[in-house]
Amino acid sequence: TPPSLREAKLLAARLLLGRVRKSFNVPPSAEFVARPVGICSMLRLPVRASAEGLDAAFVGVPLDTGTSNRPGARFGPRQIRAESAMVRRHNASTGAAPFDSLLVADVGDVNVNLYNLPASCRLIREAFQKIVASGCVPLTLGGDHTITYPILQAVAEKHGPVGLVHVDAHTDTGDRALGEKIYHGTPFRRCVDEGLLDCSRVVQIGIRGSSYAPDPYKYCREQGFRVVLAEDCWFKSLVPLMAEVRQQMGAKPVYISFDIDGLDPAYAPGTGTPEIAGLTPSQALEIIRGCKGLNIVGCDLVEVAPMYDVSGNTALLGANLLFEMLCVLPGVKTM
């Protein structure tokens, strides 16, 4: 007997749902595929040769030639990918379902030149120009913080000057060190020089540590940045702060740059320039989740140096924070 009209409609709906689901890349569940199985990609997603056709892409930049203290962040992308096998498909806390909303993949690493920092910056800029031009939002695994400068060159080329939510122990607004103007302590100074930032929409959170000058944040204030010191975050929720940040950022394009040393080294010891008395992982979640609703056009997680944390927990934290960034991108549905 031919199916009833209702049955036919249900069958058509199931087929359509199947086609829709197949259009997204979904990380395999460890209930069915063992975590150590397969290629070591970010969140065990498919690896693609380009960002063409993707809504968002994880991309590694294994560079640490710009570090000033302990090297090793070149191994950050690899270890973050390995630890990301623990991250599951849905965000049970926020309800975000990124893999039911966006087409996401791992597009591998930028082929940097470890012996030439300016050349690496050019290679990074060119790689991200292609990613951004395709309409894809990059989520970057660093690498030291130098990489944010050429990434923002590419992002601003498309979107114009962007707002910045910057989590870090350091402002990274130095002018030069040992005669060099490009290293991980200068990216945002270079961005200001080139007009890549909308300085009225820059907030730096978690800043702390000893300094070379009596007023180390003078330059930032002169540019119009909002500097939120770590000690002003101690023992409190950052939800009210992020409500103010959302109002400050408005509807214009925003970039998130998260240096893992923004967190206290008790939680994230695997980094090159640790500073005591930093943020907590729960505050990190409040910051990233507080960016929901913003016009986010790119994100990065930098300065994971795995060899200083044999537990792997710093990279695990980095992997989870990148997942949280994915969850707050425009277009991500809540289930």
Side-chain angles (χ1 to χ4, degrees), residues 40 42 58-84 106-128 138-154 166-191 206 209 256-263 265 267-275 278 298-319 321-322:
C40 186
M42 185 63 183
F58 291 102
V59 52
V61 184
L63 181 74
D64 62 4
T65 315
T67 51
S68 59
N69 191 41
R70 304 191 301 203
R74 68 182 65 183
F75 302 113
R78 186 170 296 184
Q79 192 66 30
I80 291 170
R81 285 184 173 108
E83 299 296 341
S84 76
D106 187 329
V107 295
D109 294 333
V110 177
N111 186 18
V112 295
N113 182 342
L114 295 175
Y115 311 115
N116 188 321
L117 192 53
S120 284
C121 287
R122 175 182 56 78
L123 292 166
I124 295 165
R125 182 181 69 250
E126 290 171 355
F128 278 81
L139 298 111
T140 305
L141 294 64
D144 75 55
H145 223 152
T146 310
I147 70 173
T148 305
Y149 165 47
I151 292 171
L152 283 174
Q153 286 179 316
H166 172 207
V167 183
D168 205 320
H170 316 97
T171 63
D172 292 351
T173 53
D175 187 29
R176 63 178 70 225
L178 304 179
E180 299 296 328
K181 300 194 75 165
I182 298 175
Y183 79 107
H184 76 164
T186 64
F188 300 113
R189 181 78 160 240
R190 301 287 80 84
C191 288
I256 301 173
S257 187
F258 200 117
D259 187 326
I260 202 71
D261 74 20
L263 301 184
Y267 306 105
T271 192
T273 48
E275 303 282 359
C299 313
D300 63 51
L301 188 287
V302 298
E303 298 285 359
V304 171
M307 64 283 299
Y308 308 114
D309 181 6
V310 294
S311 73
N313 286 343
T314 305
L316 176 65
L317 185 50
L321 295 180
L322 281 159

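Annotation: side chain of L301 is not in contact with side chain of L139 (no heavy-atom distance under 4.5 Å). L263 places none of its side-chain heavy atoms less than 4.5 Å from the side chain of E275. Proximity of V302 to H184: side-chain heavy atoms (C-beta onward) are nowhere separated by under 4.5 Å. With contacts defined as side-chain heavy-atom distances shorter than 4.5 Å, the pair V112/V61 qualifies. Residues L178 and Y183 form no side-chain contact, since every pair of their non-hydrogen atoms from C-beta on lies 4.5 Å or further apart. The closest side-chain heavy-atom distance from T314 to P269 is below 4.5 Å. Two residues are said to be in side-chain contact when any heavy atoms from C-beta on lie closer than 4.5 Å; H166 and T148 fail this criterion. Here the side chains of T146 and T65 are not in contact, with every heavy-atom distance at 4.5 Å or above.
For residues 109-121, the pairs satisfying salt bridge (Lys or Arg N to Asp or Glu O under 4.0 Å) are R81-D109, with sequence neighbours left out.
Note that CG of L317 and OH of Y267 are 10.5 Å apart. Values are rounded to the nearest 0.5 Å. One distance of note links OG1 of T140 with CD1 of I256; it measures 11.5 Å at 0.5 Å rounding. Rounding to the nearest 0.5 Å gives a distance of 11.0 Å between CG of L321 and SG of C299. Expressed to the nearest 0.5 Å, how far CG of D168 lies from CG of D261 amounts to 5.0 Å. The distance from the CD atom of Q153 to the CZ atom of R122 is 12.0 Å, given to the nearest 0.5 Å.
The two residues L152 and F188 have their closest heavy-atom pair at CD1-CE2, 4.1 Å. Residues P150 and C121 share a closest heavy-atom pair of CB-O, 3.2 Å. When all heavy atoms are compared, the tightest approach of P77 to L141 is CG-O, 3.3 Å. Taking both residues in full, the closest heavy atoms of P306 and G76 are given as CD-N, 3.9 Å, listed atom of the first, atom of the second, then distance. Closest approach of E303 and I260 over heavy atoms only: O-CG2, 3.4 Å. S257 and D300 make their closest contact through OG-OD1, 2.8 Å (heavy atoms, listed as atom of the first residue, atom of the second, distance).
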Start with the C-alpha gap between V110 and F128, add the side-chain angles, then the distance that decides, and say whether side chain to side chain contact (heavy atoms under 4.5 Å, CB included) holds.
-> CA-CA 9 Å; V110 177; F128 278 81; 4.0 Å; yes
Would you sort out whether L63 and L114 count as a side chain to side chain contact (heavy atoms under 4.5 Å, CB included), showing the intermediate values?
-> CA-CA 7 Å; L63 181 74; L114 295 175; 4.1 Å; yes
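In this structure, R78 places its CZ atom where only 12 or fewer heavy-atom neighbours from other residues, nucleotides or ligands lie under 6.0 Å away. Counting non-hydrogen atoms of other residues, nucleotides and ligands closer than 6.0 Å to CG of N111 gives a total of 12 or fewer.
The backbone N or O of T271 sits less than 3.5 Å from a side-chain atom of R70, completing a donor-acceptor pair. Under a 3.5 Å cut-off, the side chain of N69 and the backbone N or O of T273 do not form any donor-acceptor pair. Not a single donor-acceptor pair under 3.5 Å links the side chain of D64 to the backbone N or O of P71. Judged by distance alone, with hydrogens and angles left aside, the side-chain atoms of R190 form a donor-acceptor pair with the main-chain N or O of K181 at under 3.5 Å.
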